[in-house]
Participant: 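So that we are looking at the same thing, I have put the structure below in structure tokens.
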Amino acid sequence: MADVLSVPPLISEPYGFFFDFDGTLAELQPLPDQVALLTERRRLLARLQIISEGAVALISGRSLAELDTLTAPLCFALGGVHGAERRDINGQLSTVTLPPPLMVQLRAQLQALCLRFPGTFLEEKGMAFAVHYRGAEQAGPAVYQATAAIAQPHPELALQPGKCVVEIRPAGVSKGHALAQFLTEPPFKGRRPLFIGDDITDESAFEVVNQRGGISIKVGEGDTLAHYRLNSVTAVYLWLARVVTRLEKASTGVTVKGVGYEPFSGSL
Ligand SMILES: [Mg+2]
């Protein structure tokens with residue numbers, strides 16, 4: 001039962017840390033570009049990055065460029081657009097793309113769709129499109145159906161529902177797949193995974209984490225495959241602060257620099 005999930009344990013082992021971004025590390029806002037990462041939260045993530053020897057990755061529906069902007073000056077391993085683009089800790093990129101003619105067709109169809117539903121807007125993500133309807137929540141089911149009808153004739157496309165958003169992205173990519181890929185590479189290889197997320201798209205990552213004996217944490221309400229739950233973004237950071245302090249205490253010879261932190265280099 002989803003409602004009996006407990007808060008996650010305070011760990012002291014070297015996990016690989018994976019996070020969704022929106023609704024997990026930063027509160028949701030009416031518009032995606034209103035979301036920001038608060039300074040003290042960024043500092044905590046920097047401490048986690050140091051104490052975990054770089055084994056911290058963000059896996060989000062946002063693009064890599066957006067994630068870099070939101071987390072600057074930190075530099076994380078990243079999975080963007082639900083795993084359609086991925087950057088490992090050495091900066092190596094891997095990207096799944098769609099044929100340009102199909103992108104042109106989808107853009108025109110989805111722009112027309114947004115004109116039919118006032119309050120919606122279209123976001124382009126390079127190899128994916130997101131139709132946001134937070135400004136037209138009552139039209140949500142109709143927006144979803146219309147978007148699904150556009151994707152339906154194309155087997156190379158997948159539909160990705162989220163909170164007041166429905167996306168069309170390349171088929172065969174998922175956050176779970178991206179997380180599994182990270183686990184084959186340093187510095188994540190050999191570590192058990194921990195993933196925190198809040199939305200439907202995070203369930204594939206929870207599934208992979210559970211299969212690997214890791215820790216899966218759902219933020220907020222809702223049915224989930226996750227084994228633990230934290231009630232809010234604030235609760236995520238309160239829990240994470242205790243974990244980071246615990247890991248720092250367990251470590252010897254590690255100096256934590258809250259100010260003047262420089263992103264890890266590609267040498268890790
Ligand atoms: Mg989210």
Side-chain angles (χ1 to χ4, degrees), residues 2 5 8 17-38 41-42 44-45 48 56-71 74 76-87 121 123 125 128-135 137 140 143-144 147 158-169 173-179 182 193-210 214-240:
L5 294 182
F17 291 88
F18 299 91
F19 301 95
D20 167 52
F21 189 80
D22 296 78
T24 297
L25 293 182
E27 283 84 1
L28 297 175
Q29 302 294 338
L31 295 173
D33 61 6
Q34 294 170 334
V35 173
L37 185 60
L38 301 178
R41 293 173 170 182
R42 189 181 290 117
L44 181 62
L45 292 172
L48 178 65
V56 181
L58 308 184
I59 306 180
S60 166
R62 288 183 184 266
S63 67
L64 299 188
E66 280 186 308
L67 292 169
D68 272 335
T69 300
L70 283 161
T71 58
L74 303 183
F76 294 101
L78 296 176
V81 195
H82 309 290
E85 51 181 1
R86 204 171 67 83
R87 184 181 72 200
F121 68 92
E123 180 190 3
K125 298 182 170 185
F129 295 91
V131 179
H132 294 268
Y133 58 87
R134 193 168 295 276
E137 279 197 55
V143 171
Y144 180 87
T147 309
L159 209 60
Q160 181 69 63
K163 289 178 178 172
C164 293
V165 64
V166 55
E167 301 188 41
I168 292 178
R169 58 164 173 76
V173 300
S174 70
K175 289 192 174 185
H177 187 256
L179 194 152
F182 280 124
L194 181 150
F195 180 74
I196 311 181
D198 74 305
D199 208 345
I200 301 163
T201 178
D202 299 311
E203 295 295 320
S204 64
F206 293 145
E207 193 172 8
V208 170
V209 167
N210 294 343
I215 294 178
S216 51
I217 305 169
K218 164 87 172 178
V219 183
E221 298 176 348
D223 286 338
T224 181
L225 295 173
H227 289 169
Y228 301 96
R229 191 188 303 278
L230 290 165
N231 289 330
S232 64
V233 174
T234 299
V236 168
Y237 283 99
L238 288 173
W239 176 81
L240 197 58

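Start at 1 and go down the list; that is how both ligands and their atoms are numbered.
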Participant: What I'd like to find out is whether the side chain of Leu48 reaches to under 4.5 Å of the side chain of Leu240, using heavy atoms alone.
Facilitator: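 They are in contact (side-chain heavy atoms under 4.5 Å apart), so the answer is yes.
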Participant: Is Asp202 close enough to the Mg ion (ligand 1) that one of its N, O or S atoms comes in under 2.8 Å?
Facilitator: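 For Asp202, the answer is no, given that no N, O or S atom comes within less than 2.8 Å of the Mg ion (ligand 1).
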Participant: Verify the ring-centre separation between Phe195 and Phe206: is it less than 6.0 angstrom?
Facilitator: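 Ring centroids of Phe206 and Phe195 are less than 6.0 Å from each other.
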Participant: Determine, for Lys175 against Asp202, whether the closest basic-nitrogen to carboxylate-oxygen distance falls under 4.0 angstrom.
Facilitator: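 Salt bridge flag = yes for Asp202 with Lys175.
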Participant: Do Leu225 and Ser216 have side chains that approach each other closer than 4.5 Å (heavy atoms only, starting at C-beta)?
Facilitator: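 Answer no - side chains too far apart.
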Participant: Need the atom name: nearest N/O/S atom of Asp198 to the Mg ion (ligand 1).
Facilitator: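 Of the nitrogen, oxygen and sulfur atoms in Asp198, the Mg ion (ligand 1) lies nearest to OD1.
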Participant: Closer than 2.8 Å to the Mg ion (ligand 1): does that hold for any N, O or S atom in Asp199?
Facilitator: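 Short answer: no, not a single N, O or S atom is under the cut-off.
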Participant: Name of the Asp22 N, O or S atom nearest the Mg ion (ligand 1)?
Facilitator: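 Nearest to the Mg ion (ligand 1) within Asp22's N, O and S set: O.
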Participant: Any idea which heavy atoms bring Val233 and Leu25 closest together, and the distance?
Facilitator: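 That closest heavy-atom pairing would be CG1-C, 3.8 Å.
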Participant: Out of the N/O/S atoms in Asp20, what is the name of the one closest to the Mg ion (ligand 1)?
Facilitator: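 Distance check against the Mg ion (ligand 1) picks out OD2 in Asp20.
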